Novice: 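After the structure tokens below, expect a handful of questions from me.
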Amino acid sequence: RKEVEQDPGPFNVPEGATVAFNCTYSNSASQSFFWYRQDCRKEPKLLMSVYSSGNEDGRFTAQLNRASQYISLLIRDSKLSDSATYLCVVNTPNNDMRFGAGTRLTVKP
Amino acid sequence: NAGVMQNPRHLVRRRGQEARLRCSPMKGHSHVYWYRQLPEEGLKFMVYLQKENIIDESGMPKERFSAEFPKEGPSILRIQQVVRGDSAAYFCASSPSRETEAFFGQGTRLTVV
């Protein structure tokens with residue numbers, strides 16, 4: 001089993017849609033979780049950290065389910081500018097960061 | 001506070017040459033990560049370093065690849081005797097401490113001809 005697994009997509013949604021991504025991780029001792037965004041051929045940029053109680057930042061909501069070992073990202077009211085690859089990141093007990101392969105999102109007019 | 005600086009941004013090497021990729025972390029960051037990204041693929045972890053120490057190199061190929069993060073100066077990812085399959089984008093990230101988010105450099109795009 002991969003350390004961090006994501007559905008690669010692609011997800012093609014119309015503007016204004018709500019879309020959700022899930023990510024599972026294999027190491028139950030992992031402590032820190034993040035969502036990054038990567039635009040084509042550019043460096044990944046932090047979108048948001050994921051806290052145990054769940055957290056929201058504008059149109060974005062992140063949640064953590066430790067029992068089932070997955071994290072999720074919900075994007076409401078999708079914009080064209082949300083088109084990107086979304087990367088799930090998990091800190092291993094060694095404290096190195098492992099990335100999922102990414103989920104590609106395309107928001108269409 | 002400058003971000004993570006990687007250089008060169010683009011590097012072309014002939015098969016058999018050596019490639020040296022440099023990464024200067026953000027000021028105050030002592031944790032450095034290197035990742036490789038092949039075209040149309042995800043980021044693959046290579047190595048995690050703290051100052052003068054390799055913490056986890058489980059993602060590094062056993063041969064030809066090495067990394068260091070000396071007390072002074074940037075972190076270096078070194079690829080000896082490059083082959084075509086080494087062509088990729090190499091990203092470096094740094095963080096100030098354990099369990100905090102990391103910030104990425106713009107990457108070095110290595111092309112082996």
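Per chain, numbering begins at 1; letters A, B, ... match sequence-line order. Please read all numbers here as calculations on a predicted model, not as lab measurements.
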Novice: Quick check on A:Y36 against chain B: is it the side chain, the backbone, both or neither that has a heavy atom closer than 4.5 Å?
Specialist: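 The side chain, not the backbone.
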Novice: Using heavy-atom distances under 4.5 Å, tell me whether A:F99 contacts chain B through its side chain, its backbone, both, or neither.
Specialist: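 It is both, since atoms from each part get that close.
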Novice: Are more than 12 heavy atoms from other residues, nucleotides or ligands located less than 6.0 Å from atom CE of B:M60?
Specialist: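 Above 12, so yes.
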Novice: Using heavy-atom distances under 4.5 Å, tell me whether B:S95 contacts chain A through its side chain, its backbone, both, or neither.
Specialist: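 B:S95 has no heavy atom closer than 4.5 Å to chain A.
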Novice: Which residue out of B:Q37, B:E41, B:E101, B:K44 racks up the most heavy-atom pairs below 4.5 Å with chain A?
Specialist: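 Result: the option with the highest number of such pairs is B:E101.
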Novice: Quick check: are there more than 12 heavy atoms from other residues, nucleotides or ligands sitting under 6.0 Å from NZ of A:K108?
Specialist: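 Count not over threshold, so no.
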Novice: Is the number of heavy atoms from other residues, nucleotides or ligands within 6.0 Å of CZ (A:R66) greater than 12?
Specialist: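 Yes - once you tally the heavy atoms of other residues, nucleotides and ligands closer than 6.0 Å, there are more than 12.
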Novice: What distance do A:R98 atom CZ and B:Y48 atom OH have between them, rounded to the nearest 0.5 Å?
Specialist: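 Answer rounded to 0.5 Å: 11.5 Å.
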Novice: Hey, which of A:Q38, A:K42, A:E43 is the one that makes side-chain contact (heavy atoms from CB on, under 4.5 Å) with B:F104?
Specialist: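 Single side-chain contact (heavy atoms from CB on, under 4.5 Å) partner of B:F104 among A:Q38, A:K42, A:E43: A:E43.
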Novice: Chain B heavy atoms under 4.5 Å from A:Q6: which part of the residue, side chain, backbone, both or neither?
Specialist: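 Neither part, no heavy atoms under 4.5 Å.
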Novice: Using the rule that Ile, Leu, Val, Met, Phe, Trp and Tyr join whenever any side-chain heavy atoms are under 4.5 Å apart, tell me whether B:I79 and B:L49 fall into a single cluster.
Specialist: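 Same cluster.
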Novice: Are there over 12 heavy-atom neighbours, none belonging to A:E15, within less than 6.0 Å of that residue's CD?
Specialist: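 Yes, enclosed.
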Novice: Nearest heavy-atom pair of A:M97 and B:F45: which atoms, and what distance?
Specialist: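 Distance-wise, the nearest heavy atoms are O-CD1, 4.0 Å.
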Novice: Would you find more than 12 non-hydrogen atoms of other residues, nucleotides or ligands less than 6.0 Å from A:R104 atom CZ?
Specialist: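 Atom CZ in A:R104 is not crowded, with 12 or fewer foreign heavy atoms closer than 6.0 Å.
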Novice: Under a 4.5 Å side-chain heavy-atom rule over Ile, Leu, Val, Met, Phe, Trp and Tyr, are B:L38 and B:V113 clustered together?
Specialist: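 In one cluster: no.
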Novice: For the backbone of B:A89 and the side chain of A:R41, can you confirm whether one donor and one acceptor N or O come within less than 3.5 Å of each other?
Specialist: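 Side chain of A:R41 to backbone of B:A89, a donor-acceptor pair under 3.5 Å: no, none is there.
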